[in-house]
Amino acid sequence: MPEIRIDLSSDTSTRPTPAMRDFMAAAKVGDEQRREDPTVNRLVEMVCDLLGKEDAMYLPSGTMCNAIALRVHCQPSDEIIMDETGHTRHFETGGPAALCGALVYPLPGERGVFSAAQLRTAIRPPSNYFPRSRLIVVEQTSNLGGGSIWPLATIQEVCAVAEEHGLARHMDGARLLNAVVATGIPARDYAAPFDSVWIDFSKGLGAPVGAALAGSQSFIQEAWRWKHQFGGAMRQSGIIAAGAVYALQHHVERLAEDNANAQTLALGLAEVEGIQVRPVDTNLVFFNVGGLGLAAEQFNQLLTARGVRVSVIGGSQARAVTHLDVSATQIEETLAIVRDIAVEAQSGAPRT
Ligand SMILES: *Cc1c(COP(=O)(O)O)cnc(C)c1O
């Protein structure tokens with residue numbers, strides 16, 4: 001396979017910068033399970049401050065943040081209401097069913113964002129027959145929704161309806177900070193109506209490992225039991241958590257560059273005849289290459305042969321994600337390559 005110079009397949013492909021590596025190498029460490037790792041403790045403080053929550057925990061992945069939060073909130077046979085595009089529903093190997101014995105009630109929102117009125121239709125009245133509606137999940141930004149931003153007012157409305165019916169509220173904030181830099185709304189404002197919320201360090205923030213889950217003291221106390229049971233309680237994890245500390249200090253503001261690069265990419269792609277681009281709010285660009293007479297898989301192979309990679313959603317749908325390791329110049333380069341591929345595809349010229 002040719003070397004991939006421009007990897008737009010995911011913001012998880014970011015690698016730690018030399019400065020981040022130096023910071024990690026020098027990190028003070030201790031036993032995380034005994035809360036004696038000073039770097040993890042520092043990260044926890046930073047996350048509590050950022051998200052306006054009482055307590056937090058460092059975890060190996062965002063998937064484990066969702067798994068633990070759902071496990072704290074739900075009992076077997078409970079129902080979790082989320083958008084039909086939810087990451088937890090599609091990409092976590094059936095975690096809600098396997099780990100909590102919970103059902104997922106999918107709502108057909110708009111670009112991954114459901115309304116308070118839709119939520120009302122999903123909440124079950126008390127009954128001996130129905131599963132018990134227990135939790136709502138909001139994904140900020142919505143991944144399959146197109147990197148779309150949940151407006152603060154919509155969040156407040158759906159959380160108010162959930163609260164009125166005694167449902168707990170969880171935010172999958174894998175890319176919350178992309179929304180924060182796009183709107184200027186502080187993370188703690190988005191997080192305020194939620195019982196639990198997490199952010200990912202291994203995506204656009206550029207750290208190699210980890211995510212942090214935050215909530216009330218009692219929520220995090222209960223979450224520690226599942227962190228142990230799921231095998232996510234670590235030892236000298238300060239050495240990896242240092243990447244997250246560094247990322248929060250140096251890589252938050254710059255997410256604005258990723259959002260801007262995504263806009264440039266979207267505009268450029270939209271100018272190519274045969275490509276249709278979905279609206280772009282943050283760093284995810286979903287587009288359709290069907291008009292070029294290509295499947296997304298074929299399109300990606302043509303890109304890969306030229307050192308560029310996107311991800312294939314299925315059929316003629318593809319996704320390009322901007323991040324720390326893709327520059328504005330590389331976006332221009334990508335667009336030039338896409339234009340070449342489009343010309344070749346439409347002229348029926350031999351493909352390399
Ligand atoms: C990536 C992602 C996750 C999972 O995070 P990992 O750190 O890869 O386990 C969960 N939710 C959303 C919306 C994501 O994009």
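Residues take their numbers from the sequence shown, with the count starting at 1. Both ligands and their constituent atoms are indexed starting at 1 by order of listing.
- Side-chain atoms of His73 and Ser196 form a donor-acceptor pair, as typed in the model, at a separation below 3.5 Å.
- The residue among Met64, His90, His87 with a heavy atom at the shortest distance from atom 3 (C) of ligand 1 is His87.
- Taking 4.0 Å as the cut-off between side-chain N and carboxylate O, Arg89 and Glu139 do not count as a salt-bridged pair.
- Inclusion of Thr141 in the set of residues having an N or O under 3.5 Å from an N or O of ligand 1 is not warranted.
- Ligand 1 lies within reach of Glu92, whose nearest heavy atom is under 4.0 Å from it.
- Polar contact with ligand 1: absent for Trp198 (N/O pair, distance under 3.5 Å).
- Of the N or O atoms in Ala174, none lie within a sub-3.5 Å distance of an N or O in ligand 1.
- To the nearest 0.5 Å, atom CD of residue Gln317 and atom CZ of residue Arg278 are 6.5 Å apart.
- Ring geometry, Phe201 versus Tyr58: the interplanar angle falls from 30° to 60°, so the pair is classed tilted.
- Taking distance alone, with nitrogen or oxygen atoms compared against 3.5 Å, Thr63 approaches ligand 1 more closely than that limit.
- An N or O contact shorter than 3.5 Å is missing between Thr12 and ligand 1 by distance.
- Distance CD1/Ile136 to CD/Glu163: 10.0 Å, rounded to 0.5 Å.
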